[in-house]
Amino acid sequence: MITSVISNTAKEIFNLKYSVQLSEKSFFPIKTKSEFDGDYTLVMFPLLSFSKNTPQELAKFLGDELKNKLDFITDYQIIKGFLNLKISGKYWIKYNIEFDENSCKIQNENPLKIVIEFSSPNTNKPLHLGHIRNNLLGVSLSNILTFNNNEVIKVSLLNDRGIHICKTMVAWEKWGNNITPESANKKGDHLIGDFYVKFQTEYDNEIKNLIKTGIPENEATEKSELLCEAKKMLKKWERGNKKVVELWSMLNSWVIDGFNETYQKLGVTFDKIYYESETYLKGKDIILRELSKGNIILENDNSVTIDLTEQGLDKKILLRSDGTSVYITQDIGTAVDRFKELKFDKHFYVVGNEQIYHFKVLREVLKIFGYEWFDKLEHFSYGMVELPEGKMKSREGKVVDADDLIEEMINTADALSQELGKIDKSDQNYNDIIFKIAMGALKYFILKVDPKKNMLFDPKESIDFNGNTGPFIQYTYTRINSIINKAYNENIKFDNQIDYDIMLKDKEIELIKELNEFKNVVNDSAKTLNPALIANYTYNLAKNFNSYYQDTPIIKSDSDEKTKKFRLKLSQNVALVIKTALGLLGIDVPEKM
RNA sequence: GGUCCGGUAGCUCAGUUGGACAGAGCAACGGCCUUCUAAGCCGUGGGUCAUGGGUUCGAAUCCCAUCCGGAUCACCA
């Protein structure tokens with residue numbers, strides 16, 4: 001990598017001359033601003049405290065030495081305390097010619113076994129836009145970490161039991177008339193979601209009526225017959241009542257079938273799926289065992305708590321007074337189990353930032369329990385997707401449904417394509433192309449924003465297909481693809497034998513420099529767990545290529561063969577990086593559009 | 001109230017370890033299709049980087065305080 005060669009060499013020169021031990025970091029070159037002449041810039045100011053020279057003298061010294069030692073540095077300019085280094089055109093030409101798949105690959109001396117848990121939906125309602133963000137981040141992070149040579153295991157934990165599930169079961173029994181996804185002609189997750197909403201509205205009515213008769217609100221919830229039935233259902237389920245379990249497993253399978261359809265459209269897959277119904281008891285034993293060690297407290301009412309005030313947290317309940325487990329009990333159990341099973345180096349939970357506290361507690365509890373691997377668990381917390389009126393609320397129906405949104409994206413892509421007169425509907429790949437564009441728009445829209453920030457989605461302003469968007473980048477790719485096809489038809493072949501006597505345009509140098517950046521970007525995005533870095537990089541690359549494309553003939557030029565071939569190779573390289581980068585975001589490229 | 005996160009153009013967002021005059025897209029306005037795809041390109045306008053201090057050669061970036069917004073502190077998940 002050219003930048004590290006420069007920083008290394010500069011470091012050696014400087015340390016030798018001034019007998020100090022500065023690290024490479026002090027010499028890391030930044031990209032020269034476009035208004036100045038040069039490619040990379042070293043800033044002199046931080047070095048001044050180690051030498052008695054003026055910035056200009058120091059820059060001259062370093063500039064001369066670097067030029068001497070590195071043959072790809074042809075010249076330099078000093079402006080104030082900035083040493084602007086000029087890289088030879090030949091270096092860039094060589095880089096472009098030799099660029100290939102291997103130039104994109106990442107070295108990693110310390111590959112890790114990484115588990116990523118994401119998605120983990122409740123099986124009582126369909127997926128919404130918040131889940132989409134979760135899933136896309138999970139997939140993209142997995143891709144990026146895999147690309148960095150780690151072994152990645154994608155898992156999901158289906159929350160398929162509990163009171164919320166029983167509510168839908170009660171509602172379906174009461175008002176369902178044995179309706180099924182087939183008879184209703186509806187996806188199973190949506191069908192069940194309707195019953196969840198039905199339960200909530202009926203329940204709210206019941207409470208309201210109880211309050212009208214003079215019963216205080218907190219007592220009303222206890223007197224609610226509906227809730228009582230749901231609780232009874234839960235108890236029967238836990239005792240393994242055959243009829244209840246059969247009902248539960250039927251309704252669940254409908255929802256899961258529905259999820260799988262949505263997952264398929266989103267391109268989401270898992271290496272392993274865990275079911276809460278199979279793991280929910282696992283934490284309890286651990287808690288009971290810890291009780292004897294004195295780290296946790298048995299309260300008078302038989303509930304079990306742990307005091308985390310020393311850790312800057314609060315008191316936390318671990319088992320209810322009736323002996324049943326809470327959310328964190330299960331997470332303790334599954335974590336312990338999963339570490340035993342998978343022996344991971346790192347375990348990420350892709351879960352929204354509303355649960356930051358929960359995961360802090362989880363780690364502290366495991367630490368206190370003496371599990372040394374507690375610090376391998378990391379909460380990858382991401383921001384909420386908000387609507388113009390605020391947070392999405394499933395109970396109030398204020399959600400953007402995942403399937404609806406996907407369908408809308410497809411319809412828009414279809415209409416737009418027709419309007420632009422792009423691809424013929426009779427094209428056998430038509431649906432496939434439209435689908436890729438639609439999903440490209442959706443996925444890029446989500447992934448281009450910094451995961452840790454909340455983001456806004458306005459349903460009235462549908463997701464764009466122009467400008468800083470997925471389709472823009474895909475379009476750039478198809479343009480290049482079309483050139484490559486044309487070159488193939490005209491029998492123009494890149495043959496690796498180009499001589500280096502080519503007049504480089506500024507925009508070409510810019511593009512080659514950017515290709516050179518790709519690995520750094522992927523590295524950074526893996527280190528900071530931020531797919532948005534790749535998204536923004538790819539957009540910039542596409543933008544620069546389009547600008548270049550506009551005023552530079554690639555193969556239709558009258559220019560000599562070697563220039564044609566050189567430009568063709570450059571275009572191919574850009575296409576390769578675009579395809580690779582979008583792939584890391586889980587976005588497919590169409591071959592034409 | 002405690003803790004955490006955020007505040008950059010009318011709107012949505014970049015700007016990671018401090019570097020040269022703060023960037024895109026959308027929206028508005030004006031140009032560019034006998035040419036390798038106009039889902040494109042070029043241009044114009046638009047900013048007290050929430051506010052006030054500090055650190056230093058240099059701050060949107062680091063520190064402190066204040067204001068505003070959000071999340072969280074359940075025998076919910």
Side-chain angles (χ1 to χ4, degrees), chain A residues 25 28 30 32-33 35-36 41 43-46 48-49 55 79-82 84 120 122 159 162-164 276 299 301-305 312-322 324-328 330-331 352-358 360-361 381 383-384 386 390-391 413 416-417 419-420 422 437 441 445 448-450 452-458 461 464-476 478-487 490 524-525 527-528 530 532-533 535-536 539-540 542-543 546-557 567-568 571 592-593:
Chain A
K25 264 190 149 182
F28 203 79
I30 54 173
T32 304
K33 289 247 164 188
E35 56 264 43
F36 299 104
T41 296
V43 187
M44 294 300 114
F45 298 112
L48 293 179
S49 51
I79 298 168
K80 293 190 243 170
F82 298 95
N84 298 332
S120 303
N122 293 343
N159 298 116
I163 190 74
H164 52 291
E276 193 192 314
E299 305 283 347
D301 63 358
N302 274 330
S303 65
V304 178
T305 60
L313 304 166
D314 298 298
K315 203 172 179 181
K316 181 79 192 172
I317 185 143
L318 298 177
L319 281 181
R320 293 193 185 97
S321 48
D322 64 4
T324 59
S325 34
V326 290
Y327 184 40
I328 193 141
Q330 301 166 32
D331 268 354
N353 60 14
E354 55 202 350
Q355 294 193 32
I356 289 175
Y357 182 79
H358 169 78
K360 257 189 202 162
V361 172
S381 104
M384 302 284 96
E386 287 169 349
K391 222 183 140 178
L416 194 58
S417 179
E419 191 186 315
L420 294 170
K422 289 287 186 180
I437 296 169
F445 177 83
K448 77 170 172 182
V449 344
D450 187 335
K452 67 173 186 289
K453 289 189 179 174
N454 287 357
M455 63 178 291
L456 187 106
F457 177 78
D458 188 346
E461 296 174 24
D464 236 306
F465 288 74
N466 297 318
N468 187 357
T469 65
F472 171 90
I473 301 168
Q474 292 171 317
Y475 180 64
T476 311
T478 59
R479 277 180 143 181
I480 297 172
N481 198 44
S482 148
I483 295 173
I484 291 169
N485 285 337
K486 194 182 172 190
E490 294 179 12
D524 286 353
S525 83
K527 228 181 289 170
T528 57
N530 186 358
L533 297 182
N536 288 306
Y539 169 64
N540 242 346
K543 196 173 143 63
N546 274 317
S547 172
Y548 171 65
Y549 173 94
Q550 193 69 22
D551 55 31
T552 309
I554 312 288
I555 54 169
K556 69 173 183 188
S557 68
R567 290 177 177 173
L568 179 62
S571 307
K592 61 178 173 184
M593 65 190 273

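- Contacts of A:Ser571 with the nucleic acid, taken as non-hydrogen atoms under 4.0 Å apart, are absent.
- Within the 4.0 angstrom heavy-atom criterion, no nucleotide atom of any strand lies near A:Met384.
- Separating the C1' atom of B:A77 from that of B:C62 is a span of 38 Å, rounded to the nearest Å.
- If you check B:C36, B:U16, B:A38 against the side chain of A:Tyr475, the one that comes closest is B:A38.
- The residue A:Phe82 sits close to a base: some heavy atom pair falls under 4.0 Å.
- Ranking B:U37, B:C36, B:C42 by closeness to the A:Ser547 side chain, first place goes to B:C42.
- Each of A:Ile356 and A:Phe465 was matched to the nucleotide of RNA chain B holding its nearest heavy atom; the match closer to the 5' end belongs to A:Ile356.
- A donor-acceptor contact under 3.5 Å is formed by the side chain of A:Thr41 with the base of B:A20.
- Listed here is the closest heavy atom pair of A:Ser120 and A:Asn159: O-OD1, 3.3 Å.
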>> If you apply the rule side chain to side chain contact (heavy atoms under 4.5 Å, CB included), what do you find for A:Arg479 with A:Tyr549, and how did you get there?
In response: CA-CA 9 Å; A:Arg479 277 180 143 181; A:Tyr549 173 94; 3.3 Å; yes
> Could you walk me through whether A:Asn353 and A:Asn454 pass the side chain to side chain contact (heavy atoms under 4.5 Å, CB included) check?
Replying inline: CA-CA 9 Å; A:Asn353 60 14; A:Asn454 287 357; 3.5 Å; yes
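- Side-chain contact of A:Thr469 with A:Asp464: a donor-acceptor pair under 3.5 Å is absent, judged by distance alone.
- Comparing the C1' positions of B:U55 and B:C64 gives an interatomic distance of 11 Å, to the nearest angstrom.
- A:Asn481 CG to A:Met593 CE: the interatomic distance, rounded to the nearest 0.5 Å, is 12.0 Å.
- Nearer the 5' end of RNA chain B, as judged by each residue's closest nucleotide, is the contact made by A:Gly312, out of A:Gly312 and A:Ile437.
- If you check the side chains of A:Ser321 and A:Asn302, you find no donor sitting under 3.5 Å from an acceptor.
- Atom NZ in A:Lys453 sits roughly 8 Å away from atom C1' in B:A14 (whole-Å rounding).
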Can you pull every protein N or O that's under 3.5 Å from an N or O on nucleotides 55-60 of chain B?
none

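- Relative to the side chain of A:Lys25, the nucleotides B:A77, B:A39, B:U17 differ in distance, and B:U17 lies closest.
- In this structure, CD of A:Glu386 is placed 7 Å from P of B:A71, rounded to the nearest angstrom.
- Checking A:Thr305 against A:Glu299 by side-chain atom types alone, a donor-acceptor pair falls below 3.5 Å.
- In this structure, CG of A:Asn84 is placed 15 Å from P of B:G19, rounded to the nearest angstrom.
- You cannot call A:Tyr549 stacked on the base of B:G40; the centres under 5.5 Å and planes under 30° rule is not satisfied.
- Between the C1' atom of B:C4 and the CG atom of A:Asp314 lies a distance of 13 Å, rounded to the nearest Å.
- In this structure, the side chain of A:Thr528 engages the main chain of A:Asp524 through a donor-acceptor pair within 3.5 Å.
- Comparing B:U61 with B:G19, their C1' atoms sit 11 Å apart, to the nearest whole Å.
- Taking 4.0 angstrom as the limit, A:Arg479 places a side-chain polar atom (N or O) nearer than this to OP1 or OP2 of B:A38.
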Between the protein and nucleotides 23-27 of chain B, list every N/O to N/O distance that falls short of 3.5 Å.
unit_1 : atom_1 : unit_2   : atom_2 : d
B:A24  : O2'    : A:Tyr539 : OH     : 3.0
B:G25  : OP1    : A:Lys543 : NZ     : 3.4
B:G25  : O2'    : A:Asn468 : N      : 3.4

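- One interatomic measurement links the two molecules: CZ of A:Arg567 to C1' of B:C36, which rounds to 12 Å at whole-angstrom precision.
- Contacts of A:Ile163 with the nucleic acid, taken as non-hydrogen atoms under 4.0 Å apart, are absent.
- Base contact: A:Leu416 has a heavy atom under 4.0 Å from a base atom.
- Residue contacts shown for A:Gln355 include a base, since a base heavy atom lies under 4.0 Å away.
- Among the nucleotides B:A39, B:C13, B:A71, the one closest to the side chain of A:Glu354 is B:A71.
- At the heavy-atom level, A:Asn353 lies under 4.0 Å from the strands shown only through sugar-phosphate atoms.
- Under 4.0 angstrom from either OP1 or OP2 of B:C36 there lies no side-chain N or O belonging to A:Ser482.
- Spacing of C1' atoms, B:C63 relative to B:G18, comes out at 13 Å, to the nearest Å.
- A:Tyr357 places its OH atom 12 Å from the C1' atom of B:C4, with the value rounded to the nearest Å.
- Counting any heavy atom pair closer than 4.0 Å across all strands shown, A:Val449 reaches sugar-phosphate atoms only and no base atom.
- Across B:G47 and B:G31, the matching P atoms stand 25 Å from one another, rounded to whole Å.
- In this structure, the side chains of A:Phe36 and A:Thr41 stay at 4.5 Å or more apart for every pair of heavy atoms.
- By the stacking rule of 5.5 Å between ring centres and under 30° between planes, A:Phe36 stacks on the base of B:A20.
- The aromatic rings of A:His358 and A:Tyr327 lie parallel to each other, with less than 30° between the two planes, well short of the 60° mark.
- The residue A:Ile317 sits close to a base: some heavy atom pair falls under 4.0 Å.
- Here the C1' atom of nucleotide B:U72 and the CD1 atom of A:Ile328 are 14 Å apart, to the nearest Å.
- Glycosidic conformation of B:C11: anti, with the torsion beyond 90° of 0.
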> Stepwise, does the side chain to side chain contact (heavy atoms under 4.5 Å, CB included) test hold for A:Leu319 with A:Ser325?
Replying inline: CA-CA 5 Å; A:Leu319 281 181; A:Ser325 34; 4.2 Å; yes
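- Atom P of B:C29 sits at a distance of 25 Å from the matching atom of B:G23, rounded to the whole Å.
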> After noting the C-alpha distance and the side-chain angles of A:Tyr475 and A:Lys422, does the key distance pass the side chain to side chain contact (heavy atoms under 4.5 Å, CB included) rule?
Replying inline: CA-CA 11 Å; A:Tyr475 180 64; A:Lys422 289 287 186 180; 3.9 Å; yes
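- Within the 3.5 Å criterion, the main-chain N or O of A:Phe472 finds a donor-acceptor partner in the side chain of A:Thr476.
- When heavy atoms are screened at a 4.0 angstrom cut-off, A:Lys422 is found touching base atoms of the nucleic acid.
- Atom C1' of B:C41 sits at a distance of 37 Å from the matching atom of B:A50, rounded to the whole Å.
- Under the 3.5 Å distance criterion, the side-chain polar atoms of A:Ser571 are matched with a main-chain donor or acceptor of A:Arg567.
- Comparing B:G25 with B:G43, their P atoms sit 10 Å apart, to the nearest whole Å.
- Rounded to whole Å, atom P of B:C33 lies 15 Å from atom CG of A:Asp551.
- Paired regions of RNA chain B, where each region holds three or more successive Watson-Crick or G-U pairs whose two hydrogen-bonding distances fall under 3.5 Å, are B:1-7 with B:67-73, B:10-13 with B:23-26, B:28-32 with B:40-44, B:50-54 with B:62-66.
- Looking at heavy-atom distances under 4.0 Å, A:Ser525 makes no contact with the nucleic acid at all.
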